[in-house]
Amino acid sequence: MNDHDHDHDHDHVDDPRALRADALEAILIERGLVDPAAIDQTLDYFQNHLGPMLGARVVAKAWADPGFKNRLLDDGLSAIGELGLGGPQVDHLVVVENTPGVHNVVVCTLCSCYPWGLLGLPPAWYKSLPYRSRVVREPRVVLAEMGCVLPDEIDVRVWDSSAEVRYFVLPERPGDTDGLGEDALAARVTRDQMIGVAR
Amino acid sequence: MNDHDHDHDHDHVDDPRALRADALEAILIERGLVDPAAIDQTLDYFQNHLGPMLGARVVAKAWADPGFKNRLLDDGLSAIGELGLGGPQVDHLVVVENTPGVHNVVVCTLCSCYPWGLLGLPPAWYKSLPYRSRVVREPRVVLAEMGCVLPDEIDVRVWDSSAEVRYFVLPERPGDTDGLGEDALAARVTRDQMIGVAR
Amino acid sequence: MDGIHDIGGMNGFGPMVRDEQVFHAPWERIAFALSSCAEIVGNTDDFRHAIERLDPAFYLGADYYGRWLGALEVRLRERALIDSDEVDQRAGTSDARPRAIASPGLPTRSPDGGPVRVLERRRRFSVGQTVRARDLHPVGHTRLPGYVRGHHGTITMTHPAFVYPDTNAHGWGEDPQYVYAVQFAATDLWGEGDHSVSIDLFEPYLEPA
Amino acid sequence: MDGIHDIGGMNGFGPMVRDEQVFHAPWERIAFALSSCAEIVGNTDDFRHAIERLDPAFYLGADYYGRWLGALEVRLRERALIDSDEVDQRAGTSDARPRAIASPGLPTRSPDGGPVRVLERRRRFSVGQTVRARDLHPVGHTRLPGYVRGHHGTITMTHPAFVYPDTNAHGWGEDPQYVYAVQFAATDLWGEGDHSVSIDLFEPYLEPA
């Protein structure tokens with residue numbers, strides 16, 4: 001039905017959304033409103049070149065290099081530019097730092113804003129109705145449902161990315177990482193930490 | 001599938017709601033949680049004994065009898081009691097009067113509250129999402145879509161029946177009804193007038 | 001709860017459709033009659049709250065009596081009068097199976113009689129007074145819609161006292177409260193419009209302006 | 001608009017479901033890629049507004065990329081780039097056909113570059129200041145969610161100026177505005193909770209407290 005089935009999932013034969021997507025693709029290509037090559041390039045770029053490994057490099061460098069960390073907290077976009085990072089949906093970046101007494105968590109209640117250039121496309125739960133509706137109202141409960149129970153004495157700060165600023169959480173460096181290089185540090189960073197649904 | 005198909009419509013054979021309704025009915029009857037006779041009596045009562053003809057009698061009497069009208073506007077429940085009316089969903093009644101300068105319209109934004117005892121069960125549009133959401137915000141537009149264009153100089157008052165008070169609109173008596181008896185007057189009253197979506 | 005049912009003032013539902021029918025199919029009649037006749041411990045307030053607690057996509061996607069049917073099944077399950085999957089099995093389908101969030105509390109008895117009560121105490125507010133609808137966000141049932149919260153209005157009528165839905169829906173007692181008709185200016189609610197909106201509010205929803 | 005998308009703080013959506021996938025089926029990839037690549041006159045703001053304008057039951061019932069697919073079809077129809085029934089005919093089905101209310105205005109050109117702009121004028125507010133989110137109910141696109149309207153917060157960061165979504169979505173110009181991070185106390189927003197919620201608000205959404 002289409003040429004872009006790069007992955008192992010498949011459409012249900014009679015899913016009307018699949019039929020409509022194929023129809024729209026065919027119409028747009030016929031009218032010259034979309035370049036078939038651009039479709040493939042876009043999917044390749046987002047699926048194979050973006051992802052949490054980029055954000056993890058930023059976190060690892062901040063953990064390893066106090067000067068970089070200061071620059072990152074001061075002007076996120078310039079600092080990640082030092083690593084050649086930036087990219088889509090990162091027009092202005094604010095990095096918020098977890099500390100022993102503060103936990104940050106990011107959401108977009110109105111749609112699904114997310115720092116694509118650092119984390120790739122968001123997982124389905126980030127865009128889900130329960131996450132969007134509940135995390136601004138009862139973040140401790142939502143995080144607990146996701147396996148992250150925060151002690152009462154930790155301040156919880158929720159960031160609703162309602163404009164074009166993108167938020168990114170700098171987690172605390174684990175205590176058992178002395179002497180590790182940036183690559184080894186990056187391997188310890190999870191996407192969930194950079195969203196703020198893990199500690 | 002069930003014994004209560006008194007009317008001419010029918011379930012689509014594979015409508016899961018029809019299947020679930022039949023299942024619930026069978027379960028409840030088996031467990032003695034519902035009396036099959038009560039089901040029939042209830043449907044007969046609501047479909048055959050309640051309806052806008054009751055409210056129309058109230059309006060006609062108010063048009064014909066100024067004393068009744070005063071009592072109706074003062075204490076709706078007592079006044080309709082004089083006519084032997086009351087019944088379900090009419091625990092307290094407020095009758096609001098249209099005048100040359102005032103138009104009243106009734107809604108229940110939170111669910112579907114409606115003076116069953118005077119008007120019967122509400123039509124689908126009264127319970128619809130567009131009516132419930134819009135009539136408190138843009139009543140003139142909603143009424144115009146329903147064929148009732150109100151001049152700008154008429155005050156529009158929307159009544160959202162959010163508690164157990166029920167609202168009922170007393171329309172203006174038409175100018176060409178001099179000398180008509182109550183039955184003839186009642187024949188001129190429409191349900192839409194008593195809700196307030198007609199003038 | 002700040003639920004999907006609280007749609008007063010919402011945009012997006014499209015034009016009025018003049019559907020004049022009460023029932024569209026026999027199953028709608030059954031849904032209505034069973035909801036009216038089933039002998040279960042409960043009341044109108046917990047019935048409404050069961051509708052409000054239905055999954056929002058189910059709520060919007062179901063027809064009106066689809067919500068009633070869903071709420072009835074949920075209430076029967078919650079009272080352990082039916083097993084969780086019993087309707088699915090009997091109906092031979094899990095399509096249109098209702099899901100709902102939990103209530104903070106269910107009624108423990110079905111009251112007799114209507115909702116009007118006589119109170120000894122005096123009303124807190126009087127006709128002509130300017131009041132503010134409190135900005136409350138109770139987790140349970142309430143009849144204070146979002147669109148008036150925080151806004152100023154004028155008391156135009158005093159009503160009798162009624163059983164308080166916010167407690168009665170949950171088995172927390174009848175706690176009867178006076179009710180007032182409160183008139184709001186559309187321009188204050190929505191920033192535009194020349195009409196007024198009057199709404200019946202229970203005394204605990206109000207504070208002096 | 002006060003649309004179905006504005007769900008921050010709403011109750012009723014149930015527990016978190018840990019679905020880690022980005023795409024679940026090829027059609028979701030196509031929806032994403034076509035939305036990204038189609039050369040039509042428009043911008044991110046009008047794209048978001050097209051999603052918001054989808055019929056609320058469609059919005060809640062569709063998966064995430066179902067909304068993207070619906071918004072794309074609506075935008076193509078509104079620009080007369082496809083006929084109203086063209087996708088139905090080509091797909092051989094009218095199932096999952098999106099409906100949407102009209103926008104008060106569509107963009108007339110697609111802007112170049114990102115949304116950050118440099119303004120000569122000074123910011124109206126500064127860090128540490130207490131402000132009130134205005135109780136606005138615009139009929140078009142806005143990024144002022146319902147849950148902060150009318151509430152007091154504190155400016156914690158000043159951001160650059162950005163293209164103003166409320167005008168840019170509708171072809172009414174870029175009208176760039178300063179943006180601020182404004183911190184609200186949960187207890188003020190919901191009456192409970194010990195956390196804070198920070199949200200980015202455009203200058204016209206704010207007034208001095």
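Residue numbering restarts at 1 for every chain, and letters A, B, ... go by the order of the sequence lines.
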Portion of D:I7 that has a non-hydrogen atom of chain C nearer than 4.5 angstrom =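 When you check distances to chain C, no heavy atom of D:I7 falls under 4.5 Å.
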Heavy-atom distances under 4.5 Å only: say whether D:L60 touches chain C with side chain, backbone, both or neither.
->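 For D:L60, the contact with chain C is made by backbone and side chain together.
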So, C:Y178 versus C:F202, ring centres under 6.0 angstrom or not?
->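 Not close enough - the centres of the two rings lie 6.0 Å or further apart.
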Tell me, for C:L136 versus chain D, whether the close heavy atoms (under 4.5 Å) come from the side chain, the backbone, both or neither.
->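 Neither the backbone nor the side chain of C:L136 comes within 4.5 Å of chain D.
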Minimal non-hydrogen separation, C:D188 against D:D135, with atom names |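 Residues C:D188 and D:D135, closest heavy atoms: O-OD2, 4.3 Å.
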Any idea which heavy atoms bring D:G8 and D:W190 closest together, and the distance?
->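 So the minimum-distance heavy-atom pair works out to O-CH2, 3.9 Å.
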Does C:Y59 have C:R67 sitting over its ring (NZ/CZ under 6.0 Å from centre, angle to axis within 45°)?
->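 Output yes; distance and angle both within limits.
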Distance under 6.0 Å and angle within 45° of the ring axis: does C:R117 meet both against C:F162?
->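 No, C:R117 and C:F162 do not form such a contact.
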Residue, of D:P138, D:G14, D:P56, that accumulates the most heavy atom pairs under 4.5 Å with chain C |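 It is D:P56.
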Selection from C:A62, C:A57, C:G150 maximising heavy-atom pairs under 4.5 Å formed with chain D =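 Highest number of pairs under 4.5 Å: C:A57.
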